[in-house]
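Data block below; observations after.
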Amino acid sequence: MTDLKNFLNNLNEKLNINQIDAIKHEDGPALVLAGAGSGKTRVLTIKIASLIKNKKCGTNELLALTFTNKASKEMIFRISKILGSKLDFPWMGTFHSISYKILRMNFELLKGNYNSNFSIYDPTDQLKIIKNIIKINDLDLNKYEPSRIRGKIDSLKNSLLYDEWEFEDDKEEQIIKTYQSKLESLNAMDFGDLILKFYELLTINKNFKERIQKLFKYVFVDEYQDTNIIQFRLINIISSINKNLFAVGDEDQSIYGWRGANIENILQFKKFYPETKIYKLEQNYRSTPQILNVSNLLISNNSERLEKNMWTENVKKENVKLWSFNDDREEAKHIAREIMKNLDLYKYEDVAVFYRTNAQSRVLEEELRKANIKYKIYGNISFYERSEVKDCISFLKFIVNPDDEIAFDRIINLPSRGIGKKTIEKIKKISIQEDQNYYKSFSYIIENNIFSKKIIKSLELLKNSINNFKKNLDEFSSVSESFEKFLIDLGYFDYLKDDDKLGNVSEFLNYIAEFELSSDSNDISDFLNSLMLSSSTDEMVDSQSFVTLMTVHLSKGLEFPCVYVVGIEEGLFPHSRSMYSTSEIEEERRLCYVAFTRAISSLNLSYCKMRRMFGSITYASMSQFLDEIIESDDLLEINAISETTSNERVFHYKFGNGFIDTNDNDNFEDVVTVVFDSGIKKKVFVSDLEEIE
DNA sequence: GAGAGATGTATTTTT
DNA sequence: TACATCTCTC
C-alpha cells in the first residue's frame with residue numbers, strides 16, 4: 001500500500017478523491033462508473049501503471065480489452081508515459097484482435113480444418129457467401145434477404161443462441177448452417193467467430209481454460225456498457241479464478257444495442273458479481289456548466305440507468321444555443337457562416353459537426369466547400385474498403401490462404417485475362433473433385449491441359465506470379481517489395497491507370513513496409529488480419545486544421561471546443577426506425593447525450609422544418625429530446641427568421657440592429673435587404689439575422 | 001465475357 | 001439524389 005501511495009505522490013497528474021479510490025482498489029471485481037469527461041482513461045491507465053510499477057503483475061499477465069484499436073493504442077501510450085518507458089503489453093487490445101491472437105496461437109485446438117493462416121471475413125465478405133448460398137440453392141433473394149440473414153448470424157453468435165435457436169423455417173436454417181460450414185471449409189472466420197471460437201475453446205477444453213485463467217491475473221474492460229452477451233461470458237470465465245475484473249463504463253453512453261451490446265451487463269453488474277465494489281466518477285472536467293446541465297436534463301428522462309450525478313467546477317460560458325431553420329440548406333449555410341464568424345474563438349480543428357445519418361453530410365459538405373472551410377468527413381469509406389486496396393488484400397489473402405473462395409473470386413480474373421463465369425465454376429468443381437485448394441488445382445489444370453490454350457496461359461501467369469512472389473520473399477524477405485513485383489508481373493498497375501488508385505496502392509505498399517518495420521514479424525497473415533480488424537477512425541489525424549464532420553456514433557470518446565448537432569428532428573433523431581419501443585428511444589436519447597457531452601465550451605443545436613431526403617422533401621417537427629430541454633435556463637432558443645416581412649426589427653452579428661426593407665429571395669438563397677440603424681442598406685443572409693422582440 | 005443501361009434502395013456500424 | 005448491383009445485349 002505504501003508503494004502505491006509513493007507511486008501516486010510521484011505522479012504529475014492531479015486526481016480527485018474518487019479517482020484515487022478507484023485506483024487504490026485492490027483485488028476482487030470492481031465497476032467504475034465513469035461519466036462523460038470524468039477522466040476514466042486517466043484512472044484506467046494509472047491503475048495499470050501502478051500494478052506494473054509495484055510488480056503486482058507482469059505486462060504479459062494483464063488482459064485489457066477495448067472496443068477500438070485507437071483506445072488500446074492510446075492506453076499503451078499513456079501507460080508508457082507514466083512509467084517513463086515504452087512497454088509491450090501483448091494482451092492489451094480489442095476483443096477481436098486479442099481473440100485472433102489467441103486463436104492463432106492455439107489453432108490446432110480448433111475443430112474443423114483450420115490452420116494458422118485462416119482468413120478473417122468482413123461484413124461484405126459475409127454477404128457474398130450468403131448470397132452465393134441462396135443462389136446455389138435456388139431460393140428467393142427477397143424472402144431470404146442476405147443482409148437480414150447476416151444480422152441473424154451475427155446475433156446468434158454474439159448472444160450464444162446458435163444451438164437453441166428456432167429458425168423461421170427449414171430453408172433459413174439450411175442457409176445459416178451452410179454458411180457456417182462453408183466458412184470452416186474456406187479456412188475463414190467472420191468477426192463473430194473470432195470471439196465465439198475463443199469462447200468455445202474456453203468451454204470445451206479444460207486445459208486451455210485453466211491456462212488462460214491462470215495467465216491473466218488482472219482483467220480490465222473499457223466501455224463495459226457496450227459488451228454483448230458472449231463478451232460478458234468470456235470475461236466472466238477468464239476472470240473467475242483470480243477474480244480481478246476491473247470494468248469501466250457509463251450506462252448513459254451505451255449506443256450499440258442494435259449491434260448486440262447488452263446494457264444489462266452494466267446495469268446488473270452487482271448482481272453478477274455480488275462482491276463488487278462500485279466507484280463513481282461524477283466530476284466532469286470537460287464541459288461548461290450549461291452544457292452539462294442541459295445534458296443531465298436530457299438523460300434524466302431515461303429509466304435504464306444507475307444512480308449517477310455529473311457535476312463540474314468549470315466556469316460558466318455561453319448558454320447552449322438552439323436554432324430552428326426552414327430547411328437543411330439554411331442550417332448548413334448558417335453553420336458555415338458561424339464557423340467563419342467565430343474563427344478568432346474556434347479554429348477549424350476546434351469545431352465538429354455531428355449528425356444522425358451519413359446522408360446528412362452532403363449539404364453540409366457543399367456549404368462548407370462554398371465557404372472555403374477545410375473539413376474532413378469521417379466514416380464514409382475506410383482506406384481498406386477502396387476497391388484497389390481490397391484487390392491487393394485479396395491477392396495476399398489468396399496467396400496466404402488458397403482455400404479463401406472470396407479472395408479467389410475477386411482475383412482469379414484480375415486484371416481481366418479472359419476467365420469468366422463458366423471457367424470459374426469449372427475450376428471450383430475441379431477443386432472439389434480433386435479435394436485440393438484453388439492454388440493446387442491450377443497446377444492440376446495446367447498439367448492435364450483441361451482448358452483452352454488462352455485460359456491455360458492465363459492461369460499459368462497467375463500461378464507463376466504467385467511462385468515468384470514466394471521465391472522473392474525468401475530471397476529479399478521484404479513483403480512490400482516482393483508484392484510490388486507481383487503486381488507488376490500481373491500487369492495490375494497498367495490495368496489501374498487512375499492516379500488516385502495508383503496512389504492508394506503505393507500507400508498500401510507503404511503500410512506493409514511499415515508493418516514489417518514496426519512489428520517483429522513479416523508474417524502476411526498477421527498483417528492482413530490487423531488490417532481487417534482496423535477501422536476508419538483509427539487513422540484519425542488530429543492537430544490538423546479542418547472541421548470534423550461525423551455521425552454521432554463515431555463521436556463517442558472525442559471532445560471538441562465547439563460542437564454543432566444538426567437535424568434534431570422527430571423521425572431523424574430519434575430515428576423513425578428506432579421509435580418502436582421505450583428502450584429504443586432510450587438508446588437514441590443516450591446517443592443524443594453522447595453528442596451533447598462532446599462539447600467543451602460551445603454547444604449549438606438545430607432542427608429544420610423541412611429537409612430534402614433522397615430527392616424528395618420531408619417535413620418534421622422538433623425532436624422530443626429538444627422538448628425535454630427547452631425549458632432549461634441554460635438554453636437559448638433562437639429562431640432564424642424564415643418568413644420575413646418588411647419593417648421587421650432584426651439583429652445582424654456584424655451590422656447591428658435594423659429593419660427589413662425588401663425580401664429578395666433569389667434561387668432559394670434567402671437574402672433580404674436590411675436598412676441598419678447605422679444608415680447602411682445591405683443585402684444579407686436571412687440566417688445571419690435574429691428576430692428582435 | 002464485357003460494358004451499357006435499368007433497377008432498387010437508402011440508420012447507426014467500435015471489429 | 002446517388003449509388004451499387006443486376007440484367008441485358010452485343
Side-chain angles (χ1 to χ4, degrees), chain A residues 65-72 93-100 120-124 126-128 131 135 141-142 145-147 150-151 154 157-158 189-196 222-223 225-228 230-231 253-261 328 354-363 366 378-382 384-385 387 413 415-424 454-455 458 529-538 540 550-558 567 571-579 584 587-588 590-592 594-595 611-617:
Chain A
L65 298 166
T66 63
F67 280 87
T68 65
N69 295 299
K70 200 168 164 250
S72 64
T94 62
F95 276 92
H96 292 85
S97 66
I98 296 296
S99 296
Y100 164 72
I120 296 177
Y121 278 0
D122 72 5
T124 326
Q126 286 181 287
L127 220 49
K128 279 183 187 153
K131 272 185 194 161
K135 271 187 198 159
L141 272 165
N142 292 316
E145 209 186 321
S147 58
R150 177 183 61 189
D154 291 344
K157 286 178 181 171
N158 61 37
M189 297 189 197
D190 60 23
F191 288 159
D193 282 336
L194 289 175
I195 313 244
L196 181 62
D222 191 17
E223 308 276 16
Q225 75 281 356
D226 287 329
T227 51
N228 59 31
I230 192 170
Q231 287 162 339
Q253 293 186 68
S254 168
I255 57 174
Y256 285 100
W258 52 277
R259 276 186 100 272
D328 50 342
F354 302 143
Y355 34 82
R356 178 66 242 266
T357 66
N358 281 309
Q360 290 168 258
S361 70
R362 236 193 60 236
V363 203
E366 282 168 16
Y378 287 93
N380 277 353
I381 9 143
S382 73
Y384 97 95
E385 278 169 314
S387 71
N413 191 33
S416 304
R417 37 197 141 72
I419 298 176
K421 244 190 205 159
K422 284 259 165 67
T423 316
I424 292 171
K454 189 181 147 211
I455 290 172
S458 180
N529 291 322
S530 79
L531 208 63
M532 294 300 291
L533 298 176
S534 73
S535 78
S536 58
T537 40
D538 291 343
M540 251 186 99
M550 55 171 59
T551 61
V552 182
H553 280 92
L554 284 183
S555 77
K556 199 175 77 173
L558 306 176
L572 185 59
F573 203 174
H575 197 277
S576 53
R577 295 212 190 172
S578 293
M579 294 171 77
E584 280 183 333
E587 179 153 319
E588 292 284 306
R590 289 193 291 269
L591 191 57
C592 196
V594 167
R611 181 173 291 279
R612 271 165 272 260
M613 285 186 103
F614 312 127
S616 61
I617 289 172

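Chain naming here is simple, since letters A, B, ... match the order of the sequence lines and numbering starts at 1 in each.
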Of all the choices, [options], which nucleotide is nearest to the side chain of [X] once you look at every atom?
X        : options                : answer
A:Arg259 : B:dT14, C:dA2, B:dA10  : B:dT14
A:Thr423 : B:dT12, B:dA10, B:dG1  : B:dG1
A:Arg577 : B:dT14, B:dA10, C:dA2  : B:dA10
A:Ser416 : B:dT14, B:dA2, C:dA2   : B:dA2
A:Lys131 : B:dT13, C:dT5, B:dT14  : C:dT5
A:Thr68  : B:dT13, B:dT14, B:dA10 : B:dT14
A:Thr357 : B:dT11, B:dT14, C:dT1  : B:dT11

Without decimals, in angstroms, what is the distance between [X] [atom1] and [N] [atom2]?
X        : N      : atom1 : atom2 : result
A:His96  : B:dT13 : NE2   : C1'   : 12 Å
A:Leu533 : B:dT13 : CG    : C1'   : 15 Å
A:Glu587 : B:dT11 : CD    : C1'   : 12 Å
A:Phe67  : B:dT14 : CZ    : P     : 13 Å
A:Met550 : B:dT13 : CE    : C1'   : 14 Å
A:Phe191 : B:dT13 : CZ    : P     : 15 Å
A:Lys128 : C:dA4  : NZ    : P     : 13 Å
A:Tyr355 : B:dT13 : OH    : C1'   : 14 Å

Is A:Asp190 paired with A:Lys157 through a side-chain N to carboxylate O contact shorter than 4.0 Å? yes

For the rings on A:His553 and A:Trp258, is their centre-to-centre separation under 6.0 Å? yes

Partner set under side-chain hydrogen bond (donor to acceptor under 3.5 Å, both in side chains) for A:Arg356, not counting sequence neighbours: A:Glu588

Measure from the ring centre of A:His553 to the centre of the six-membered ring in the base of B:dT12, then say whether that distance is under 5.5 Å and the planes meet at under 30°. no

Is there a stack between A:Trp258 and B:dT12, judged by ring centres under 5.5 Å and planes under 30°? yes

For [X] and [N], is the shortest distance between a side-chain N/O and OP1 or OP2 below 4.0 Å?
X        : N      : result
A:Ser616 : C:dT1  : no
A:Ser578 : B:dT12 : no
A:Asn358 : B:dT13 : yes
A:Asn69  : B:dT14 : no

Determine, step by step, whether A:Phe354 and A:Met550 satisfy the side-chain contact (heavy atoms from CB on, under 4.5 Å) criterion, reporting the C-alpha distance in whole Å, the side-chain angles of both residues, the deciding distance to 0.1 Å, and the verdict. CA-CA 5 Å; A:Phe354 302 143; A:Met550 55 171 59; 3.7 Å; yes

For the side chain of A:Arg356 and the base of B:dT12, is some donor closer than 3.5 Å to an acceptor across the two? yes

Member of A:Asn228, A:Ile230, A:Thr227, A:Thr66 meeting the side chain to side chain contact (heavy atoms under 4.5 Å, CB included) criterion with A:Phe95: A:Thr227

Check whether any side-chain heavy atom of A:Tyr378 lies under 4.5 Å from a side-chain heavy atom of A:Thr551, and answer yes or no. no

Starting at the 5' end of DNA chain B, write a dot or bracket for each base, bracketing those in Watson-Crick or G-U wobble pairs whose two distances are under 3.5 Å and using | for partners on another strand. ||||||||||.....

The residue, A:Ile455 or A:Leu194, whose nearest nucleotide of DNA chain B is more 5′ is A:Ile455

Nearest-0.5 Å distance that lies between atom NZ in A:Lys556 and atom OG1 in A:Thr68: 8.5 Å

One should read off an interatomic distance between A:Thr124 OG1 and A:Arg150 CZ, to the nearest 0.5 angstrom, of 7.0 Å

Once you apply a heavy-atom cut-off of 4.0 Å, does A:Asp122 come out as touching a base, just sugar-phosphate, or nothing? nothing

Which part of the nucleic acid, if any, lies within contact of A:Ile195, taking any heavy atom under 4.0 Å across all strands shown: a base, the sugar-phosphate backbone alone, or nothing? nothing

May I ask you to decide if A:Ser254's main-chain N or O and A:Arg590's side chain share a donor-acceptor pair within less than 3.5 Å? yes

